[in-house]
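Remember, it's a predicted structure, so these values are computed and weren't measured experimentally.
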Amino acid sequence: MKVIWIGHACFKIESKGASILFDPYEDGSVPGLDPVREEADLVFVSHEHFDHNARKNVSLSGKTALPFCVKTLDTYHDDRQGALRGPNRITIVDDGSVKLAHLGDLGCELEPEQMEELTGLDVVLVPIGGFYTIDASQAASLVKRLKPRYVIPMHFRDDGLGFGFDVIGCVEDFVQAMGSAAFQEASAVEIGPSGAEEKEIPAEPQVLVLEPANLSR
């Protein structure tokens, strides 16, 4: 499975000749990022805010035979059962070899059955910036309990590269809370199926920090 960070909470997932796009943002909505212009077989939107729901920016292929099994979990965009910012939807995608979850703009604690559903995945895409979502400390605590093989942070700002909302935090806070990270000078990473030596749930997830593919230059 190839995981491509377009930017903000927008990711493209490619596997077995098919693709999924998560949370495309409106043109000009996220500082420092170029517009989303992608083609995919499926589009998933975690919630109806302008920096996540620009479906019109994605051309759909029209394919119907796809290798993905998809499940969604309904959560909230805040810690007041949606009273501040409404609902949020987590999407879990399984291509038969790799299982990935996009947590959207998660802003609340998860229910025990949701925690069980998300425990031991291969990849978790987690918001870390705070203000609109859970913050770096909350995100680190969550993924340490979920124990995925890999965690990819999203929904943060980077002052050096010049992207992201100024009210949300930087990735360094999350890295410090997790203890370490592998910084990738690329927007994409290939995730293979777990081998025999990886059947046990890892003690700590490996943090992969990507660069946005749509970074304005």
Side-chain angles (χ1 to χ4, degrees), residues 1-24 36 38-44 46 58 60-61 63-73 89-104 106 110 114-128 139-156 171 174-175 177-215:
M1 179 183 285
K2 186 176 184 179
V3 181
I4 307 163
W5 189 31
I6 306 300
H8 199 47
C10 184
F11 283 83
K12 190 172 188 179
I13 310 301
E14 297 178 343
S15 178
K16 302 176 182 177
S19 62
I20 291 173
L21 201 85
F22 288 106
D23 282 20
V36 174
E38 295 288 338
E39 181 177 346
D41 301 308
L42 293 170
V43 179
F44 292 105
S46 62
V58 185
L60 294 177
S61 68
K63 294 179 187 175
T64 55
L66 301 174
F68 303 111
C69 178
V70 177
K71 184 170 185 176
T72 60
L73 304 175
R89 180 164 290 173
I90 293 171
T91 301
I92 304 168
V93 174
D94 187 347
D95 71 353
S97 299
V98 174
K99 199 171 183 180
L100 171 148
H102 184 288
L103 301 191
L106 181 67
L110 296 175
Q114 294 173 330
M115 290 290 295
E116 183 177 354
E117 192 75 43
L118 292 165
T119 296
L121 302 184
D122 294 295
V123 188
V124 170
L125 312 177
V126 61
I128 65 164
S141 176
L142 175 61
V143 297
K144 285 179 180 180
R145 285 180 288 154
L146 294 181
K147 298 184 183 298
R149 290 168 59 208
Y150 300 99
V151 56
I152 300 176
M154 62 178 180
H155 212 280
F156 61 88
V171 74
F174 179 68
V175 172
M178 290 297 298
S180 65
F183 285 81
Q184 312 291 305
E185 294 182 359
S187 60
V189 63
E190 297 272 0
I191 305 294
S194 58
E197 73 282 0
E198 294 178 313
K199 288 190 181 299
E200 295 296 325
I201 295 176
E204 296 289 344
Q206 182 175 352
V207 180
L208 302 177
V209 180
L210 305 181
E211 290 190 2
N214 276 18
L215 183 66

Could you grab the distance from atom OG1 of Thr91 to atom CG of Leu73, nearest 0.5 Å is fine?
8.5 Å
Is the shortest heavy-atom distance from the side chain of Ile20 to the side chain of Phe11 under 4.5 Å?
no
Could you tell me whether the side chain of Phe183 reaches within less than 4.5 Å of the side chain of Leu208, counting heavy atoms only?
no
SG (Cys10) and CG (Leu21) are apart, to the nearest 0.5 Å, by 4.0 Å
Closest non-hydrogen atoms of Gln206 and Ala182, given as atom of the first, atom of the second and distance, are NE2-CB, 4.0 Å
At their closest point, which heavy atom of Met178 faces which heavy atom of Pro205, and how far apart are they?
CE-CD, 4.0 Å
Close side-chain approach of Ile92 to Val70, heavy-atom, < 4.5 Å
no
Paired with Phe22, the ring pair (Phe, Tyr, Trp, His ring centres under 6.0 Å) test is passed by just one of His8, His102, His155, namely His102
Here the pair of heavy atoms bringing Gly17 nearest to Asp41 is O-OD2, 4.3 Å
What are the two closest non-hydrogen atoms of Ala139 and Pro127, and how far apart are they?
CB-O, 3.6 Å
Looking only at heavy atoms, which two atoms of Pro148 and Val143 are closest? And how far apart?
CD-O, 3.4 Å
Measure the shortest side-chain to side-chain distance between Leu142 and Leu106 over non-hydrogen atoms and say whether it is less than 4.5 angstrom.
yes
Looking at Ser15 and Phe68, what are the two nearest heavy atoms and their distance?
CB-CE2, 3.9 Å
Rounded to the nearest 0.5 Å, the CG atom of Leu118 sits from the CZ atom of Arg145 at a distance of 11.0 Å
First locate atom CD of Glu211, then atom CD of Gln184, and finally report the distance between them rounded to the nearest 0.5 Å.
9.5 Å
Using the side-chain contact (heavy atoms from CB on, under 4.5 Å) rule, take Met1 and Glu190 through it: C-alpha gap first, then chi angles, then the decisive distance, then the call.
CA-CA 6 Å; Met1 179 183 285; Glu190 297 272 0; over 6 Å; no
Using side-chain heavy atoms (C-beta onward) and a distance below 4.5 Å, is Ile191 in contact with Tyr150?
yes
If you apply the rule side-chain contact (heavy atoms from CB on, under 4.5 Å), what do you find for Lys147 with Glu204, and how did you get there?
CA-CA 6 Å; Lys147 298 184 183 298; Glu204 296 289 344; over 6 Å; no
Check: Glu39 main-chain N/O paired with Lys12 side-chain donor or acceptor under 3.5 Å
yes
Nearest-0.5 Å distance, CG of residue Leu125 to CG of residue Asp23:
10.0 Å
Within a radius of less than 6.0 Å around CD of Glu116, do more than 12 heavy atoms belonging to other residues, nucleotides or ligands occur?
no
Is any side-chain heavy atom of Glu38 closer than 4.5 Å to one of Ile6?
yes
Between Arg149 and Asp122, does any side-chain N to carboxylate O distance fall below 4.0 Å?
yes
Yes or no on side-chain contact (heavy atoms from CB on, under 4.5 Å) for Ile90 and Leu110, after CA distance, side-chain angles and deciding distance?
CA-CA 11 Å; Ile90 293 171; Leu110 296 175; 3.9 Å; yes
Euclidean distance, Leu210 CG relative to Ser187 OG, rounded to 0.5 Å:
7.5 Å
Checking Leu121 against Val123 for the side-chain contact (heavy atoms from CB on, under 4.5 Å) test, could you report, in this order, the C-alpha distance in whole Å, the side-chain angles of both residues, the deciding distance, and whether it holds?
CA-CA 6 Å; Leu121 302 184; Val123 188; over 6 Å; no
So do Leu42 and Leu66 actually touch side chain to side chain, heavy atoms under 4.5 Å?
yes
Would the distance check show the side chain of Lys16 and the main-chain N or O of Asp95 forming a donor-acceptor pair, the cut-off being under 3.5 Å?
yes
